[in-house]
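Counting starts at 1 for both ligands and their atoms, following the listed order. The model shown is predicted, which means the values in this text are computed figures rather than measured ones.
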Amino acid sequence: MADALKIGIAGLGTVGASLVRIIQQRSNALAVACGRAITITAVSARNRNKDRGVDLSGIAWFDYPVDLAENADIDVFIELVGGADGAADQSVRAALARGVHVVTANKALLARHGVEFARLAEEKGLLINYEAAVAGGIPVIKAMRESLTGNNFSRVYGIMNGTCNYILTRMEKEGLSFEDCLKEAQRLGYAEADPTFDIEGNDTAHKLAILTTLAFGSEIAADDIYLEGISNISIEDINAAAELGYRIKLLGVAQRTESGIEQRVHPTMVPLDSVIAQVDGVTNAVALESDILGELLMVGPGAGGNATASAVLGDITDIAKSRPGAQQVPVLGRPAALLEPYRQAKMKSHEGGYFIRLSVVDRAGVFASIATKMAENGISLESIVQRSQHTTADAPVTIVLVTHATMENAVRKAVSAIKHEGYLIGEPQVIRIERPKSA
Ligand code: HSE
């Protein structure tokens, strides 16, 4: 049997502790599968005295990830520290500089430094594996980086934030408030250290930026993503969507268009009878549309200690099985030197269906005025529904419109014209509709 693969794990939170436990419990099976043992030789975390429910005896301890990366006796550095900069960034650089392979679950780090890291790794013939960075336990990186090589992708989209999907699901099924659902997601260990990253879509954007690069061969452009989170979604939206045959999901979508690549993260109406609409709770789903394969939808656990640890473990075993001196899998699907500059499509040119919910004063001509503003902007309507509570004579009424495919710019102009008419109460709600190719 070949020499053991020596790994150092920086970060012993939920994922790190799960990883240590799994590697220790399954050491024999892993050695058989990889043809060599996998040995944890070093770990690093802030608090040495905390009980993590794992046996760390005989494993070198480092207080700082950079110290571990620079000094530990390791072949692979496992970065589970988190954050786009600081210790995560410095320790990955230190590991690569030393000629050590890297496994990371850190989407923020890759979204910011991925192209530079890929160049550094490829210069030295090193691997950077990051399956856990996108959609938790779903092997989407392997699928895109290896299995689907040669396919031309047209669209990649998915539910990539377990916290948001958990919140939307519980709001719909149990009528609970947004705040209560968020607290529960945090308690269960799904949320990021700062939950606004989940709620406002940044976490999904980081993941989407990585998938965009794998799909379209362009440099990572995480700052050029159109972003809307779910904090603005109400029970009224969820109920109105259901009545019209839709469910609201936070989707990340990357799409090739004539004017460039669209990258967007926003609450999205998906048809109730689509498979992605059935993806509930913390579960993630990623849909890949490509010319040779067609449509592929991968569904699985997207957050939590074991799901993420499973993906990290797969990355480690890939390195354990790789042959010394063999050509390595390019970090970002193609050699970093061959990545193309990102060409951003303008969001106002986005084409699709829209759900628009308006609260208006109940008086003659309002309905007709709304329909006119739509028509003046060339927007064709699939449906328009008016609902009145009839509590008092001047109670507001809700008008819900669903458009056929139209341009974002036309919707913005129509909504702005409606705002100027003086009959709107509160802000209009506009939610984009996304349909699976086969729907
Ligand atoms: N906070 C993330 C989520 C964890 O909720 O999906 C995995 O990236």
Side-chain angles (χ1 to χ4, degrees), residues 11 13-19 78-84 88 103-112 114 129-142 156-171 178-212 214 220 222 225 227-231 233 248-253 265-268 276 279-287 298-315:
T14 320
V15 178
S18 289
L19 183 66
I78 319 291
E79 187 277 307
L80 301 175
V81 177
V103 171
T104 177
N106 189 336
K107 52 260 162 181
L109 180 76
L110 292 171
R112 181 162 304 169
N129 287 348
Y130 50 94
E131 190 63 74
V134 181
I138 301 176
V140 62
I141 302 298
K142 199 179 193 66
V156 176
Y157 65 96
I159 297 168
M160 291 181 274
N161 186 270
T163 301
C164 286
N165 207 46
Y166 177 86
I167 291 173
L168 291 171
T169 304
R170 291 209 69 188
M171 282 174 74
F178 176 86
E179 287 73 23
D180 284 347
C181 298
L182 172 59
K183 271 190 212 130
E184 189 63 5
Q186 286 177 294
R187 193 185 66 75
L188 292 167
Y190 303 148
E192 295 300 299
D194 177 356
T196 54
F197 265 62
D198 297 294
I199 302 315
E200 297 309 336
N202 308 77
D203 177 72
T204 301
H206 290 146
K207 295 167 180 169
L208 182 69
I210 295 167
L211 296 191
T212 302
L214 292 174
I220 297 175
I225 299 182
L227 204 58
E228 270 178 40
I230 63 163
S231 54
I233 297 296
I248 301 175
K249 296 290 182 188
L250 183 78
L251 291 194
V253 186
V265 174
H266 49 71
T268 311
I276 202 158
V279 175
D280 278 349
V282 72
T283 306
N284 280 197
V286 181
M298 304 171 89
V299 178
N306 278 350
T308 312
S310 166
V312 173
L313 183 61
D315 281 348

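Interface of Gly302 with ligand 1, defined as ligand atoms under 4.0 Å from a residue heavy atom, comprises 7 (C). Listed by number with element, the atoms of ligand 1 under 4.0 Å from a non-hydrogen atom of Lys107 are 7 (C), 8 (O). Interface atoms of ligand 1 facing Ala303, defined by a heavy-atom separation under 4.0 Å, are 3 (C), 4 (C), 6 (O). Residue-ligand proximity, Ala191 to ligand 1, at heavy-atom distances under 4.0 Å covers atoms 1 (N).
Of the possible donor and acceptor atoms, one in the side chain of Ser18 sits under 3.5 Å from a partner among the backbone N and O of Thr14. The backbone N or O of Asn161 lies less than 3.5 Å from no partner atom in the side chain of Thr163, so there is not a single donor-acceptor pair. The closest donor-acceptor contact from the side chain of Lys207 to the backbone of Gly252 lies at 3.5 Å or more, if one exists at all. Judged purely by atom type and a 3.5 angstrom limit, Asp180 has no side-chain atom pairing as donor or acceptor with the backbone of Phe178.
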Atom pairs and distances, donor-acceptor, side-chain atoms in residues 183-190, under 3.5 Å, two or more places apart:
unit_1, atom_1, unit_2, atom_2, d
Glu184, OE1, Arg187, NE, 3.3
Glu184, OE2, Arg187, NH2, 2.9

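At a 4.0 Å heavy-atom cut-off, ligand 1 does not touch Ala185 at all. Counting heavy atoms under 4.0 Å from ligand 1, residue Asp198 touches it through the side chain alone. When non-hydrogen atoms are compared, ligand 1 lies under 4.0 Å from neither the backbone nor the side chain of Asn284.
The only option from Leu80, Leu313, Val15 that meets the side-chain contact (heavy atoms from CB on, under 4.5 Å) definition with Thr308 turns out to be Val15.
With hydrogens left out, the protein atom closest to atom 2 (C) of ligand 1 is Glu192 OE2, 3.1 Å, a heavy atom. The single protein non-hydrogen atom nearest to atom 5 (O) of ligand 1 is Thr163 OG1, 2.6 Å, given as residue, atom name and distance. If you check which protein heavy atom lies closest to atom 6 (O) of ligand 1, you get Gly162 N, 2.7 Å.
To the nearest 0.5 Å, atom CD1 of residue Ile159 and atom CG of residue Leu250 are 9.0 Å apart.
Considering only non-hydrogen atoms, atom 7 (C) of ligand 1 lies nearest to Lys207 out of Gln186, Met160, Lys207, His206.
Legend: salt bridge (Lys or Arg N to Asp or Glu O under 4.0 Å) pairs involving residues 130-142, not counting sequence neighbours, sorted by first then second residue: Lys142-Glu146, Lys142-Asp318.
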